[in-house]
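Naming convention: chains lettered A, B, ... in sequence-line order (proteins, then strands); numbering from 1 in each chain.
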Protein chains: 2
Amino acid sequence: MEPNRPYHHGNLRQALLDQATTALRDEGVDALSLRELARAVGVSHAAPRRHFPDRQALLDALAIEGFERLGADIRAAASDGRDVDFEPTLQRCAHAYVTFATTDAALLELMFAGKHTDSVDSAADQSFAPILELILRGQAEGVFEHGDPERVGLMLLSTIHGIAALRNAGMIQPEQLDWLVDDAIAHFLRGSRDVVTHGVDGA
Amino acid sequence: MEPNRPYHHGNLRQALLDQATTALRDEGVDALSLRELARAVGVSHAAPRRHFPDRQALLDALAIEGFERLGADIRAAASDGRDVDFEPTLQRCAHAYVTFATTDAALLELMFAGKHTDSVDSAADQSFAPILELILRGQAEGVFEHGDPERVGLMLLSTIHGIAALRNAGMIQPEQLDWLVDDAIAHFLRGSRDVVTHGVDGA
DNA sequence: ACCTGAACACCGTTCAAGT
DNA sequence: ACCTGAACACCGTTCAAGT
């Protein structure tokens, strides 16, 4: 829309990332080619190189954007009803995670592929921070399982992530999804009946 | 070694699968090319097509072999001490799962990629059968969490798989792995209280 | 039945050259 | 600084042809 941009874009980098995000959702990782991205954006096949030295750099950037969006989704779910009960807040966060994970399954795989650089790792830490905060709050209120928050957080994350992964693998059916997430949350709460052991009662 | 085999192999299919398994472990999925496989096995680049119509067919076959091996590993862990306590048996199974998953991280991704055919799904079901059996036994003995075994099984599987996935993504450190798995198991047991707190020393 | 060899379309990556 | 266009090596897939 501007008159004097160099060739085609003021911001080729973001245009490529946006196009890649769509293509990733529609076609999967394997179908994601730098050449086709360049074509779709209207630029020569060598142009992306200025912004992403190789294909992996593009994938890393996508993963970082993914973690940022995931973190924002979780944060939104957490602050949505900060003034109310702990359990539904935690549930909203978990469902936000699973919704993200199932909506952008290919992106999720990318984010957890583990081939990425340090910058991706720190983006991941950022996105999980609100979960840790929530756990601390739950422990302070006495409704969440005790123990080292770091480890309990990894445990909760593992469970929710595992549910999402099994769903994306087709091993969990859509109808089971919400149930399982709520069960998983209940597993980590103190005092809400028969979840693990059966909690509260003395002995 | 035989004198009169057609060109190079009596069993090209298995030779390709074996080579692929090694390459997968050493180089990852992206580096897995049919042409290089054919080369490594000493056959023309078009030869694999008789056995695997396309690349995905090879990946599916690898996934099936993976599930068979995983199932065998779990079954071995389960029957290793069938006559002793339930908890250590379950722990051995879970550790077998995680060991498999972290040793063959790329293969695990393939197995849970979800793009595969029905034959892969049934192989997956087969490999998880011993877990379900074990849960039934644990419930009968009254030491394992109650509830629909199908759902509790998915829950347990999600948790263990999630731990393995986060480990492969680099978000869980090697030293934390065993701890987390044992904690996860304890989470599903009845009567062994306050699992994730600090366990060993008296209250 | 099983494999070969050439061919096609596509890709990631590189680099001299343009503006 | 940012992009183009040609070039290179590699790949998956196809198919007529060999044994």
Pairs touching residues 34-54 of chain A that satisfy salt bridge (charged side-chain N to carboxylate O under 4.0 Å, His left out), sequence neighbours left out: none
Close residues, residues 27-34 of chain A, relative to DNA chain D [heavy-atom separation under 4.0 Å]: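 Output list: empty, so none.
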Donor-acceptor pairs under 3.5 Å, side chain of residues 58-77 of chain A to any protein atom, not counting sequence neighbours: which ones?
unit_1 : atom_1 : unit_2 : atom_2 : d
A:D60  : OD1    : A:Q56  : NE2    : 2.9
A:E65  : OE2    : A:Q14  : NE2    : 3.1
A:R69  : NH2    : A:D104 : OD2    : 2.4

B:A94: partners by side-chain contact (heavy atoms from CB on, under 4.5 Å), with sequence neighbours left out: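 Applying side-chain contact (heavy atoms from CB on, under 4.5 Å) to B:A94 gives B:I160, B:V181, B:I185.
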Which atoms of nucleotides 6-9 of chain C (N or O only) lie under 3.5 Å from a protein N or O atom, and what are those distances?
unit_1 : atom_1 : unit_2 : atom_2 : d
C:dA6  : N6     : B:H45  : NE2    : 2.9

Would you compute the distance between atom [atom1] of [X] and atom [atom2] of [Y] and round it to the nearest 0.5 angstrom?
{"X": "A:I135", "Y": "A:D148", "atom1": "CD1", "atom2": "CG", "result": "10.0 Å"}
{"X": "A:L32", "Y": "A:R25", "atom1": "CG", "atom2": "CZ", "result": "12.5 Å"}
{"X": "A:D183", "Y": "B:M155", "atom1": "CG", "atom2": "CE", "result": "4.5 Å"}

Can you list, pair by pair, the side-chain donor-acceptor contacts under 3.5 Å of residues 161-171 of chain B, counting residues two or more places apart and other chains?
unit_1 : atom_1 : unit_2 : atom_2 : d
B:H161 : ND1    : B:Y97  : OH     : 3.0
B:R167 : NH1    : B:I172 : O      : 2.9
B:N168 : ND2    : B:A101 : O      : 3.0

Option from B:D182, B:D178, B:D80 for which salt bridge (Lys or Arg N to Asp or Glu O under 4.0 Å) with B:R92 holds: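 Among the candidates, only B:D80 passes.
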Pair pattern of DNA chain C in dot-bracket, where unpaired bases get dots and | marks partners in another strand, Watson-Crick or G-U under 3.5 angstrom: ||.|||||...|||||.||
Within residues 47-59 of chain B, residues whose heavy atoms come under 4.0 Å of DNA chain C: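 DNA chain C contact set from residues 47-59 of chain B: B:A47, B:R50, B:H51.
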d([atom1], [X]; [atom2], [N]) in whole Å:
{"X": "A:R13", "N": "D:dC3", "atom1": "CZ", "atom2": "C1'", "answer": "17 Å"}
{"X": "A:L16", "N": "D:dC2", "atom1": "CG", "atom2": "P", "answer": "13 Å"}
{"X": "B:L37", "N": "D:dC11", "atom1": "CG", "atom2": "P", "answer": "11 Å"}

With sequence neighbours excluded, residues passing side-chain hydrogen bond (donor to acceptor under 3.5 Å, both in side chains) with B:E150: none
Residues in side-chain hydrogen bond (donor to acceptor under 3.5 Å, both in side chains) contact with B:T22, at least two apart in sequence or another chain: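 Testing B:T22 for side-chain hydrogen bond (donor to acceptor under 3.5 Å, both in side chains), a comparison that skips the adjacent residues, returns none.
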Test salt bridge (Lys or Arg N to Asp or Glu O under 4.0 Å) applied to B:E141 - qualifying residues, sequence neighbours left out: B:R137
Pairing residues for B:R13 by the salt bridge (Lys or Arg N to Asp or Glu O under 4.0 Å) criterion, not counting sequence neighbours: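 Residues passing salt bridge (Lys or Arg N to Asp or Glu O under 4.0 Å) with B:R13: none at all.
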Under 3.5 Å donor-acceptor, B:Q139 side chain and B:E145 backbone: yes
